[in-house]
Amino acid sequence: MDIRIEDQHFTGERALFKCHNKTISHCLFDDGESPLKEGRNLIVDHCTFGWKYPLWYGENHIVRNSTFLEMARSGLWYTNHSTFENCLLIAPKLFRRSHDLFLSDIEFKDAKETLWTCDKVTLKNVKAENGDYFLKDSSDVSVDNLTLNGNYCFDGGKNICVRNSVLNSKDAFWNCENVYVENSTIVGEYFGWNSKNIVLKNCKVISHQGFCYIENLKMIDCIIEDSDLIFEYCSNIDIDVKSRLLSVKNPLSGRISSYGIDEFILDDESIDKSKVEYSTKETL
């Protein structure tokens, strides 16, 4: 890729439409939609995007050290096989219906409705603010060191792995399937409702009325704090936590091992209470 475009200011709609096999460096794109639409095999370095839809329908891009300003909203849809590194993303609603994305050292300033209906997504060292519905309906997602502030994250997702992260999110992991979370902290009420095959290892969770209506829930060496009315109508649970539990309500089947439970609420007469095994560990 020996053709370079450098130090230019582009305006107008589709300024570099169908630009292929080029390096674009230290350029400003504004006052015009879709400047790099239908691009292929681009290296974009130290560029600023100031208007809508800059990289739609792209393939095989490497975008580095670049900024997407607030009006570059909805800027990265239908873009596949692409890498984004060390970028500042101020615009909302970025990344939709994209395949095979790698995002590293990224800061989202307004991450609401971002990374929707994507698949094969890798995130590493990412900070996301205002991230309501972050990664909604996305699949085959791998996350390492994500700090997220925003509710309803991962809603409807499948095949998700999260490590070394902090998620401040109400209704996290709703309607999900095949989720593995390790060495992470999740804070927010109603964790994980209506999901299947959830594993948490060495995590800390604070969640009022969390872990309800889940099928196949496993927790290994976790801490659950300040969380009441948990495990309601959960089936096939395998819970091993290093904390006392405030209250447990009407689990359906499985086992719970903890440092004790302050309150059992077993008030649904239709449940066979013998299908849940409880054991108490000694504290250190």
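Note that this is a predicted model, so its numbers are computed, not measured.
Sequence neighbours left out, not one pair with a member in residues 127-147 passes salt bridge (Lys or Arg N to Asp or Glu O under 4.0 Å). Sorted by first and then second residue, the salt bridge (Lys or Arg N to Asp or Glu O under 4.0 Å) pairs with a member in residues 75-92 form an empty list; sequence neighbours excluded. Under the salt bridge (Lys or Arg N to Asp or Glu O under 4.0 Å) criterion, the residue pairs touching residues 175-202 are Arg163-Glu182, with sequence neighbours excluded. Within the structure, salt bridge (Lys or Arg N to Asp or Glu O under 4.0 Å) contacts touching residues 267-276 (residues at least two apart or in different chains) do not occur. Screening residues 100-122 for ring pair (Phe, Tyr, Trp, His ring centres under 6.0 Å) gives Phe108-Phe134 as the qualifying pairs, with residues at least two apart or on separate chains.
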key: Test side chain to side chain contact (heavy atoms under 4.5 Å, CB included) applied to Asn86 and Arg64, step by step   = CA-CA 6 Å; Asn86 195 33; Arg64 298 186 297 233; 5.9 Å; no
query = Is there a side chain to side chain contact (heavy atoms under 4.5 Å, CB included) between Val187 and Lys204 once you walk through the steps?
reply = CA-CA 8 Å; Val187 180; Lys204 179 179 178 180; over 6 Å; no
task = List the steps and the verdict of side chain to side chain contact (heavy atoms under 4.5 Å, CB included) for Leu266 and Val276.
result = CA-CA 11 Å; Leu266 305 173; Val276 182; over 6 Å; no
inquiry  = What verdict does the side chain to side chain contact (heavy atoms under 4.5 Å, CB included) test give for Ile261 and Leu245, after you've listed the backbone C-alpha separation in whole Å, the side-chain angles of each residue and the deciding distance to 0.1 Å?
reply    = CA-CA 5 Å; Ile261 300 173; Leu245 304 177; 4.1 Å; yes
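Between Lys22 and Leu16 there is no side-chain heavy-atom pair separated by less than 4.5 Å. Residues Asp262 and Arg244 are in side-chain contact: their nearest non-hydrogen atoms beyond the backbone lie under 4.5 Å apart. Annotation: side chain of Ser82 is not in contact with side chain of Val63 (no heavy-atom distance under 4.5 Å). Proximity of Leu167 to Val181: side-chain heavy atoms (C-beta onward) are nowhere separated by under 4.5 Å. In this structure the side chain of Cys222 reaches within 4.5 angstrom of the side chain of Val241, judged on heavy atoms. Between Ile256 and Ile237 there is a side-chain heavy-atom pair separated by less than 4.5 Å.
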Let me check something: any side-chain donor-acceptor pairs from residues 205-214 under 3.5 Å, sequence neighbours excluded? List them with distances.
from, atom 1, to, atom 2, distance (Å)
Ser207, OG, Gly188, O, 2.7
Ser207, OG, Tyr190, N, 3.2
Ser207, OG, Phe191, N, 3.1
His208, ND1, Asp228, OD1, 2.5

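Trp174 and Val179 fall into different hydrophobic clusters, where Ile, Leu, Val, Met, Phe, Trp and Tyr residues are linked whenever their side-chain heavy atoms come under 4.5 Å apart, directly or through other members. Residues Trp51 and Ile24 are members of separate hydrophobic clusters, defined by side-chain heavy-atom contacts under 4.5 angstrom among Ile, Leu, Val, Met, Phe, Trp and Tyr. In this structure, Leu252 is not a member of the same hydrophobic cluster as Ile239, with clusters built from ILVMFWY side-chain heavy atoms closer than 4.5 Å. Hydrophobic clustering (side-chain heavy atoms under 4.5 Å, transitive across Ile, Leu, Val, Met, Phe, Trp, Tyr) keeps Trp193 apart from Phe231. Hydrophobic clustering (ILVMFWY, side-chain heavy atoms < 4.5 Å, transitive): Val162 and Ile106 are in one cluster.
Screening Leu55, Ile43, Leu101 against His61 for a side-chain contact (heavy atoms from CB on, under 4.5 Å) leaves a single residue, Leu55. Here the options are Asn41, Thr83, Asn21, the test is side-chain hydrogen bond (donor to acceptor under 3.5 Å, both in side chains), and the partner is Asn60; only Asn41 passes.
Judged as a ring pair (Phe, Tyr, Trp, His ring centres under 6.0 Å), and not counting sequence neighbours, the contacts of Phe49 are Phe29, Phe68. Under the ring pair (Phe, Tyr, Trp, His ring centres under 6.0 Å) criterion, Tyr78 pairs with Trp56, Tyr57, sequence neighbours left out. Among residues two or more places apart in sequence or in another chain, the salt bridge (charged side-chain N to carboxylate O under 4.0 Å, His left out) test is passed with Glu33 by Lys52. Not counting sequence neighbours, the partners of Lys109 by the salt bridge (charged side-chain N to carboxylate O under 4.0 Å, His left out) test are Glu107. Legend: residues meeting salt bridge (charged side-chain N to carboxylate O under 4.0 Å, His left out) with Glu59, ordered by chain and number and at least two apart, are absent.
When all heavy atoms are compared, the tightest approach of Tyr53 to Pro35 is O-CD, 4.1 Å. Considering all non-hydrogen atoms of both residues, Asp100 and His81 come closest at OD2-ND1, 2.9 Å. Across all non-hydrogen atoms, the minimal contact from Lys281 to Tyr259 is O-CD2, 3.6 Å. Contact detail for His26 and Cys47: the closest heavy-atom pair is N-SG, 3.8 Å. Listed here is the closest heavy atom pair of Asn80 and Arg97: OD1-O, 4.3 Å. The two residues Gly50 and Asp30 come nearest to each other via the heavy atoms CA-CB, 4.2 Å.
Judged purely by atom type and a 3.5 angstrom limit, Ser138 uses its side chain to pair as donor or acceptor with the backbone of Leu115. Between the side chain of Ser184 and the backbone N or O of Cys203 there is no donor-acceptor pair closer than 3.5 Å. Proximity of a side-chain donor or acceptor of Ser247 to a complementary backbone N or O of Leu229 within less than 3.5 Å is detected. At distances below 3.5 Å, not a single donor-acceptor pair connects side-chain atoms of Ser142 with backbone N or O atoms of Cys161. Formation of a donor-acceptor pair under 3.5 Å by the Ser165 side chain with backbone atoms of Leu146 is found in this model.
Atom OH of Tyr152 has more than 12 neighbouring heavy atoms from other residues, nucleotides or ligands inside a 6.0 Å radius.
In summary, Arg96 and Glu113 engage in a salt bridge, as defined by a charged side-chain N under 4.0 Å from a carboxylate O. Between Asp110 and Arg73, no side-chain nitrogen of the basic residue sits less than 4.0 Å from a carboxylate oxygen of the acidic one, so the salt-bridge criterion is not met.
In this structure, the separation between NZ on Lys249 and CD1 on Ile271 is 9.5 Å, given to the nearest 0.5 Å. Note: Cys176 SG to Asp155 CG = 6.5 Å, rounded to the nearest 0.5 Å. A distance of 5.0 Å separates CZ in Phe10 from CD1 in Ile5, rounded to the nearest 0.5 Å. Distance CG/Asn168 to CG/Leu148: 7.5 Å, rounded to 0.5 Å. Here His46 contributes atom NE2 and Thr67 contributes atom OG1; the two are 9.0 Å apart, rounded to the nearest 0.5 Å.
In summary, the side chains of Asn197 and Asn178 do present a donor paired with an acceptor at a separation below 3.5 Å, with no hydrogens or angles considered. With hydrogens and angles left out, the side-chain atoms of Asn125 and Asn145 include a donor and acceptor closer than 3.5 Å. Side-chain atoms of Asn65 and Asp45 form a donor-acceptor pair, as typed in the model, at a separation below 3.5 Å.
In this structure, Ile90 shares a hydrophobic cluster with Leu69, Leu88, the cluster being traced through Ile, Leu, Val, Met, Phe, Trp and Tyr side chains under 4.5 angstrom apart.
Aromatic ring orientation, Phe173 versus Phe154: parallel (interplanar angle below 30°, classes split at 30° and 60°).
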